[in-house]
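Keep in mind that this is a model prediction, so the values were computed, not measured.
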Amino acid sequence: MSTGHTHKLYRHGSSPVHRLPAHCKIVAVFAFVLVVVATPRAAVWAFGGYALLLVAVAVAARVPPGFWLRRMLIEVPFVAFAVLLPFVAEGPRVEWLGLSLSESGLWSAWNVLAKGTLGVAASVLLAATTEIRELLLGLERLGLPPLLVQIAAFMIRYLDVVADELRRMRIARASRGFTARGPRQWAVLAKSAGALFVRSYERGERVHLAMLSRGYTGTMPVIDRLTAGTAQWAGAAALPLAALVLCLLGWLL
């Protein structure tokens, strides 16, 4: 992990949020999500407060709204699931625009949407202000087994490699006039998938042999030692502590 790997989720910057150590930000986001999950669903105003806290972090990190919102589209399948809950849940019904909706289903949908959206938004901000390499080093600094960190690092790198290989194969098929129009073309796509698997496996073997020839013994050298001072931990803790205050008020009021 001595070389960097910049992902599309990351946005280059030099804001105070970018400069925080990765393990501080990981702990802060994890604590924030726990607080959000622990908030009673009836405390609607508290979720609005959480959203304002995340907006403040995004402003401090200089992450544009468009960049942030586009990367939250990963939540769409969960939104579709939440929309179905008022129609399939049981219990007392309420009428809205001629539709019979379950009252408990509406609360469940709100609970999933509010907490899920806030969790995704916080995760996107973490990814937008922290490089993949720093995230992996931060996880290792927090005690994640080094072998799991290596597996995650190789997976992230070779997902991009396989995606590039798939793109080149698609361009090669298109240059030969191939167009997938029906089941008759499935055989060609199946052969392409098989060829992609073989190429990826062979490339993995070559990389492994190259690593062994350079002295790889099961551990990767760590050049940068992540450290954090009291001020940095305090800065990272500002988000979950502010959220904790809102959560407590949500339970008490």
Side-chain angles (χ1 to χ4, degrees), residues 1-12 22-23 26 29-30 67-81 84 116 119-224:
M1 291 185 300
S2 59
T3 57
H5 180 86
T6 301
H7 202 269
K8 293 180 180 179
L9 288 175
Y10 178 72
R11 180 177 176 82
H12 289 279
H23 56 293
I26 293 172
V29 170
F30 182 72
F67 181 93
W68 189 17
L69 296 175
R70 283 194 302 271
R71 282 148 183 80
M72 289 179 59
L73 293 177
I74 192 175
E75 190 195 10
V76 170
F78 301 97
V79 172
F81 169 75
L84 292 176
V120 171
S123 301
V124 170
L125 281 178
L126 174 64
T129 57
T130 315
E131 293 188 16
I132 293 294
R133 171 175 170 273
E134 294 179 354
L135 279 174
L136 295 172
L137 290 175
L139 289 172
E140 188 171 5
R141 181 71 176 81
L142 292 173
L144 190 70
L147 183 58
L148 292 181
V149 175
Q150 291 182 50
I151 292 173
F154 288 128
M155 180 191 71
I156 292 169
R157 283 173 169 83
Y158 286 99
L159 278 177
D160 289 343
V161 172
V162 172
D164 288 340
E165 187 69 30
L166 182 61
R167 179 181 57 82
R168 287 192 292 269
M169 294 174 66
R170 185 175 66 249
I171 293 174
R173 290 196 305 267
S175 66
R176 291 166 174 80
F178 173 79
T179 304
R181 297 177 179 175
R184 292 184 178 181
Q185 285 75 38
W186 287 359
V188 176
L189 297 177
K191 292 178 181 178
S192 299
L196 178 64
F197 173 79
V198 172
R199 292 182 185 181
S200 302
Y201 186 81
E202 291 177 344
R203 177 169 294 187
E205 283 189 327
R206 292 196 298 271
V207 170
H208 182 247
L209 291 175
M211 292 171 62
L212 292 177
S213 67
R214 289 165 174 78
Y216 176 73
T217 58
T219 58
M220 298 292 287
V222 178
I223 297 177
D224 298 329

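Taking CG of L135 as the start and CD1 of I156 as the end, the distance is 8.0 Å to the nearest 0.5 Å. Distance check: E131 CD to L137 CG gives 10.5 Å after rounding to the nearest 0.5 Å.
Within 6.0 Å of atom CZ in F78, 12 or fewer heavy atoms from other residues, nucleotides or ligands are found, so the atom counts as exposed in its surroundings. Remark: F67 CZ is packed, more than 12 non-hydrogen atoms of other residues, nucleotides or ligands lying under 6.0 Å away.
Ring orientation note: the planes of Y10 and H12 are nearly perpendicular, at an angle over 60° on the 30°/60° scale.
Residues satisfying the side-chain contact (heavy atoms from CB on, under 4.5 Å) criterion with E202, sequence neighbours excluded, are V198, R206. For I74, the side-chain contact (heavy atoms from CB on, under 4.5 Å) partners are V120, not counting sequence neighbours. Applying the side chain to side chain donor-acceptor pair (under 3.5 Å) rule to T129 yields no partners; only residues at least two apart in sequence or on another chain are considered. Applying the side chain to side chain donor-acceptor pair (under 3.5 Å) rule to Y216 yields the partners Q150; only residues at least two apart in sequence or on another chain are considered.
Within the structure, every pair that satisfies the side-chain hydrogen bond (donor to acceptor under 3.5 Å, both in side chains) test and touches residues 68-77, not counting sequence neighbours, is listed here: E75-T117.
A heavy-atom distance below 4.5 Å is found between the side chains of L212 and H208.
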Using a 3.5 Å cut-off and no angle test, enumerate the donor-acceptor pairs between side-chain atoms of residues 121-128 and protein atoms at least two apart in sequence or in another chain.
| from | atom 1 | to | atom 2 | distance (Å) |
| --- | --- | --- | --- | --- |
| S123 | OG | G119 | O | 2.9 |

Could you pull out every donor-acceptor pair under 3.5 Å between side chains of residues 161-169 and any protein atom, sequence neighbours left out?
| from | atom 1 | to | atom 2 | distance (Å) |
| --- | --- | --- | --- | --- |
| E165 | OE1 | R168 | NH2 | 2.6 |
| E165 | OE2 | R199 | NH1 | 2.7 |

Expected list for residues 171-178: side-chain donor-acceptor pairs under 3.5 angstrom, two or more places apart:
| from | atom 1 | to | atom 2 | distance (Å) |
| --- | --- | --- | --- | --- |
| R173 | NH1 | S192 | OG | 3.2 |
| S175 | OG | I171 | O | 3.4 |
| S175 | OG | A172 | O | 2.7 |
| R176 | NH1 | A172 | O | 3.0 |

For this session: Before giving the answer on side chain to side chain contact (heavy atoms under 4.5 Å, CB included), spell out for V207 and Y158 the whole-Å C-alpha distance, their side-chain angles and the decisive distance to 0.1 Å.
Result: CA-CA 11 Å; V207 170; Y158 286 99; 3.1 Å; yes
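The two atoms that bring A22 and G138 nearest to each other are CB-CA, 4.2 Å, heavy atoms only.
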